[in-house]
Protein chains: 2
Amino acid sequence: MDPTGTPAPGTDVCDTPEHVGAVGHALFRVARAHRVAAARLLREIGLYPGQEIMLGHLAEHGDARQSRLVAELGLDASTVTKSLQRLERQGLVERRPDPGDRRVSVVALTAQGRDLQDRIEDSWRRLDALTCEGFTDTDRTALTALLHRLERNLASCEED
Amino acid sequence: MDPTGTPAPGTDVCDTPEHVGAVGHALFRVARAHRVAAARLLREIGLYPGQEIMLGHLAEHGDARQSRLVAELGLDASTVTKSLQRLERQGLVERRPDPGDRRVSVVALTAQGRDLQDRIEDSWRRLDALTCEGFTDTDRTALTALLHRLERNLASCEED
DNA sequence: TAGCAACAGTTGGTCGACCAATGATATTAT
DNA sequence: ATAATATCATTGGTCGACCAACTGTTGCTA
């Protein structure tokens, strides 16, 4: 109902009785659908959703110790460890001990991992195109801005 | 990565070269942060994120066979089965065989599950408030509309 | 009626994600 | 130097979510 617009400024979003947390619920559903769609695309290139983020980050920012990946991707350390173990098993990534600090291991893309990058970016492009079908540039800009604000709100409450 | 912001409304989102799938990536990050925040709130009432959706749905729509939950929540059947097993073990939900059709089992909230509903709704409200901090009603409306459009796009491509 | 397709749930496996606890190594304070 | 603390990564556990394969039922149809 009234999907595209004319939100009728008088209409209070919060009075839709169907859900108390309307935004949260919408976000939840969209995120799930998005993950499913991503999974289907990534499957074609033999990846699971989440792995492409790791590979993309490495391709873009170069080799990194795991703790950096943890910080920059905002993931739990154990998540990164296990994800990398799988990527390593698939031959897409390599972990070498840092000679300077024997605690750290440095992660690097293998040639095979690097080769995947084009297809990953293509998947991202297709997914975004599909997600934002019918969106004008203005819509996209608005959406991205709103999402960024949400992210900041959620991030700021994370440091309690 | 320009962590704090200055989203500078004029800035064209799509030309930031850092990410090919800007929308998808933003969505991914927001969704993850949102899930983390939800987890923290739900933890206070002894739930894991996702369970509250199930309980809320039952509270709102009444008893249901599992296949209905699958359809209406858009989840996989096995996800629902396992989630319900846990909720049942926690005494929040009850599953009784349908006398009319021996394949189906009907899911119902227990008294204990019903009692949780208020706190669940409170969590949702708090989470939404926290997520949308600083948002005007117009912002919320715009966001919800955009999310609904995304959902429709993603849903439509799901039936291939 | 016999047989087969469709439907309802379950189990087993994998992945992403988290938390908690642990073993190694570095850093720093004392 | 030694002890206390912090950091880096790993393991083990749980949950949500998926897919694939499987058991029972029900329904349809030949």
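Naming convention: chains lettered A, B, ... in sequence-line order (proteins, then strands); numbering from 1 in each chain.
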Taking A:T110 for the side chain and A:E94 for the main chain, is one N or O donor matched with an acceptor at less than 3.5 Å? no
When you measure from the side chain of B:N153 to the backbone of A:T131, do you find a donor-acceptor pair of N or O atoms at a distance under 3.5 Å?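 Yes, the answer is positive, given that a donor and an acceptor are paired below the 3.5 Å cut-off.
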If you measure only the distance, is there a donor-acceptor pair under 3.5 Å linking the side chains of A:E72 and A:H57?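 The answer is yes; a qualifying pair exists.
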Scan side-chain atoms only and decide if B:R95 and B:Q66 contain a donor-acceptor pair under the 3.5 Å cut-off.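 Yes, a side-chain donor-acceptor pair sits under 3.5 Å.
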Base, sugar-phosphate alone, or nothing: which one does [X] contact when heavy atoms must sit under 4.0 Å apart?
| X | result |
| --- | --- |
| B:S67 | sugar-phosphate |
| A:R95 | sugar-phosphate |
| B:S105 | sugar-phosphate |

Check this for me: B:R43, atom CZ, are more than 12 non-hydrogen atoms of other residues, nucleotides or ligands nearer than 6.0 Å? no
For the CZ atom on A:R96, are there more than 12 heavy atoms of other groups (residues, nucleotides or ligands in this structure) within a distance under 6.0 Å?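 Atom CZ in A:R96 is not crowded, with 12 or fewer foreign heavy atoms closer than 6.0 Å.
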Residue closer to the 5' end of DNA chain D, A:F28 versus A:Q85 (nearest nucleotide): A:Q85
Select from A:S78 and A:D101 the residue whose nearest nucleotide in DNA chain D is closer to the 5' end of that strand. A:D101
Starting from P on D:dA9, measure out to CZ on A:R96 and report it in whole angstrom.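 After rounding, the gap between these two atoms is 15 Å.
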Rounded to the nearest angstrom, tell me the gap between atom CG in A:D76 and atom P in D:dG12.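 To the nearest whole Å, that distance equals 16 Å.
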Need two values: the first and the last nucleotide of DNA chain C, 5' to 3', having an atom under 4.0 Å from any heavy-atom of chain A.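 Nucleotide range in contact with chain A: C:dC15 to C:dA26.
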On DNA chain C, more 5' by nearest nucleotide between A:R102 and A:K82 is A:K82
First encountered from the 5' end of DNA chain C, between A:S83 and B:R43: A:S83
